[in-house]
Amino acid sequence: MDECFHENDYHVSRRIYSNRVFDQVHERQAQEIQSLRERLGRACGCTDKWAVQKIKGLLPILDWLPKYPVKQWLPGDVVSGVTTGLVCCLQGVAYALLASVAPVYGLYSAFFPILTYFVLGTSRHISVGRSMALFINNFLVVSNKQPFKKNLLYSREAQRILVACTMTVLVGLFQVAMGLMQVGFLVRYLSDPLVGGFTTAAAFHVFISQIKTIVSVPIHNHNGFFSFTLIDVSRNINQTNIADLIAGLLTIFIVMAVKEINTKFQHKIPVPIPIEVIVTVIASAVSHVMDLNSQYGASIVHSLPRGFAPPQIPNIALIGKILGSSFSTAVVGYAVAVSVAKVYAAKHDYTVDGNQELIAFGVSNIFGGCFSSFVASTALSRTAVQESTGGKSQVAGIISALMVMIVILALGPFLQPLQKSVLAGIVIANLKGMFMQISEVPVLWRQNKIDCLIWIATCLASIVLGLDVGLLAGLVFEMGTVVVRTQFPSCATLGNVPNTDIYKNMKDYKNIDEIPGIKIFKCNSPIYFANIDYFKEKLREEVGFDAVRVFKKRNKALKKIHKLIKKGKLQATENGLVPVASLGVENQAFEKEQVPELDEGASQPDSEVKVQVDWTSELPVSVSVPTVHIHSLVVDFSAVSFLDVVAAKSLKLVCLMLYLYCSLLSHCSNAIMHLHNMIVTFMSLQTCMTFCLPQNTR
């Protein structure tokens, strides 16, 4: 028989399989189950090749350094390293203000972590530095309290440094432990909306913390809601230092303007204009020549000693007070670092090992914390500078560390006249990228409202409650949305697109027809203990009847009909039930399908008179029987990824109810016999299940 197909029509024909037949035909292979002893033996087995791979995995420098193409990559790495090193120095000094410590500690934080990451890291382009300075600032409130409150041997700054270094070491220990346990995948729970809201809140905290430096007024330390800082600034606004205010505002305006130029003409300018370096040099010169500190009372860097501080041991007594804060900092720092590293890895076609990155940052923080360095992560702006100026590998990072070392050992005194408001202005100007994330909220709302709510909730919680508690609150809210989305899954009734074999949600399209007598129900979520009740409720709503209720009502009606027949008030004929004239009911014809009375837990007696009932017509008894408008139910499980035991048991009950209804109406004596096989098919998640229900006239 010839068939005519249109140009874009496809005719697919294949054999229909059951799971058992498919496994037999294609010879399914049994999975090899190893005992614990066998698995441990394989894991602990050591060969030369295995040992070399493990060593290179723990020390990636042994893998990439021997292959380093000197002629092709070294020139770009040198230029990038020098440029990034200058930015490292200035940002290190600037971000030291966030922790309210001497600027030299910011330089330490821009130097020590790079050394270990050069050996252990797997990303070629990220610049390691103090992007987590705000966390340190929030948690250094502890240093103003015990255990140092009564210890006169420690100055206020020494207390803060000891707290910060202890926290840095603890963060490193958390990261190394997570790396060794191969739990780098946990960072995937920090979704992009959550990280976006969190970093935006962090930018707000940074901005508020720098206002006091811009206006140069005294305030108290506050952790959490930033309105207290604003209140202190407003109360002391009459003490504003005009010289610091002008320098800070000019710095913000100039740095932001030049960065816009760098962005707009990035394809025409071979190297971005190092505006932070230029502004810092000019501001230092002006402050030195005009003696702004003595003449106008400007707040300057003052002391920037040469050389490195001696190593110090973390204070064990502080660990209990900063344990939670350290863990959240470890997770967020790693999440930000790996996210940025993967972006550049995809751009330059190489891979980043997430678990090795945990170990690299962990060791960097442990090493740096012992040398007065603070928590290290990816420095976003410096990473962009390092990549855009031609950096090809970790060699650019080690060269930038050499530039920082030169400043620490020799050039530090040249920055002593620099106004702190200039450094604060540099910090604020570099926050623009984080603040611009707010513009993504309307777009996110149009794309996915739940993701937008995650962004907003995390941002507000981090602003009001502080970054550590806010991150936890945002994570809990995010997990809650996942639970809600699976607990209340999207269910739909499918209809047929006319003249096609395409089935779509009937609520989404106007020109879709529901097949008469057939209901197609689709669930777009895993079915498990938390949402099985919701699934059954939605199925009942879409089908339009409760099988158990229909079963009981029809059984009750049949009992009354049989009583009327026995009393002689009804007669059962070939054409149906004929009421006696004294009953006062008009004769009605019923279709010719015979339906037995089924009592719960009892079989129908052989002597019982069989009757024919049309359930769509008015019944001769006062029983309200729900109308059933379908004869087949198709349950589409193509989008269901798994079932748990509770869901499987509940689905068996659903099948049992529908088959009881079938057995009541059509004598399906083998219906229950097929129930087990159908549930097995259900558990293997075939595309759909079909319940063939009898017509109403049974």
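Side-chain contact check for Leu409 versus Phe308: some heavy-atom pair is nearer than 4.5 Å. The side-chain heavy atoms of Tyr334 and Ser377, taken from C-beta on, include no pair separated by under 4.5 Å. By the 4.5 Å heavy-atom criterion applied to side chains, Val395 and Trp64 are counted as neighbours.
Rounding to the nearest 0.5 Å gives a distance of 11.0 Å between OG1 of Thr168 and CG of Leu173.
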task: Give the intermediate values and the outcome of side chain to side chain contact (heavy atoms under 4.5 Å, CB included) for residues Thr200 and Trp455.
output: CA-CA 9 Å; Thr200 303; Trp455 195 103; 3.3 Å; yes
query: Are Ile214 and Ile428 close enough, and set up right, to give a side chain to side chain contact (heavy atoms under 4.5 Å, CB included), and what steps lead you there?
result: CA-CA 10 Å; Ile214 294 290; Ile428 292 176; 4.0 Å; yes
field: Pair Tyr108-Phe371, side chain to side chain contact (heavy atoms under 4.5 Å, CB included): steps then yes or no
entry: CA-CA 8 Å; Tyr108 296 159; Phe371 287 90; over 6 Å; no
- request: Go through the steps to decide whether Phe435 and Phe204 satisfy the test side chain to side chain contact (heavy atoms under 4.5 Å, CB included), and finish with yes or no.
  value: CA-CA 8 Å; Phe435 281 125; Phe204 274 105; 3.9 Å; yes
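Screening Val258, Val422, Leu250 for a side-chain contact (heavy atoms from CB on, under 4.5 Å) with Val279, the sole residue that qualifies is Val422.
Counting heavy atoms of neighbouring residues, nucleotides and ligands inside a 6.0 Å radius, atom CE of Met479 exceeds 12 of them. Other residues, nucleotides and ligands contribute over 12 non-hydrogen atoms within 6.0 Å of the CZ atom of Phe477. Residue Tyr68 places its OH atom among more than 12 non-hydrogen atoms of other residues, nucleotides or ligands, all under 6.0 Å distant.
No donor-acceptor pair closer than 3.5 Å links the side chain of Ser421 to the backbone N or O of Ala247. Side chain of Thr166 to main chain of Asn315: a donor-acceptor pair is present (N/O by atom type, distance under 3.5 Å, no hydrogens or angles). Side chain of Asp77 to backbone of Lys392: a donor-acceptor contact under 3.5 angstrom is found. The backbone N or O of Pro113 lies less than 3.5 Å from a partner atom in the side chain of Thr116, making a donor-acceptor pair.
Judged as a side chain to side chain contact (heavy atoms under 4.5 Å, CB included), and not counting sequence neighbours, the contacts of Ser287 are Leu292, Ile300, Pro417, Gln419. With sequence neighbours excluded, no residue satisfies salt bridge (Lys or Arg N to Asp or Glu O under 4.0 Å) with Asp291. With sequence neighbours excluded, the residues forming a side chain to side chain contact (heavy atoms under 4.5 Å, CB included) with Asp63 are Lys56, Lys67, listed by chain and number.
Taking the six-membered ring for Trp and thresholds of 30 and 60 degrees, His348 and His125 have nearly parallel ring planes, at less than 30 degrees apart.
Between Thr122 and Gln356, the side chains place no donor N or O within less than 3.5 Å of an acceptor N or O (distance only, hydrogens not considered).
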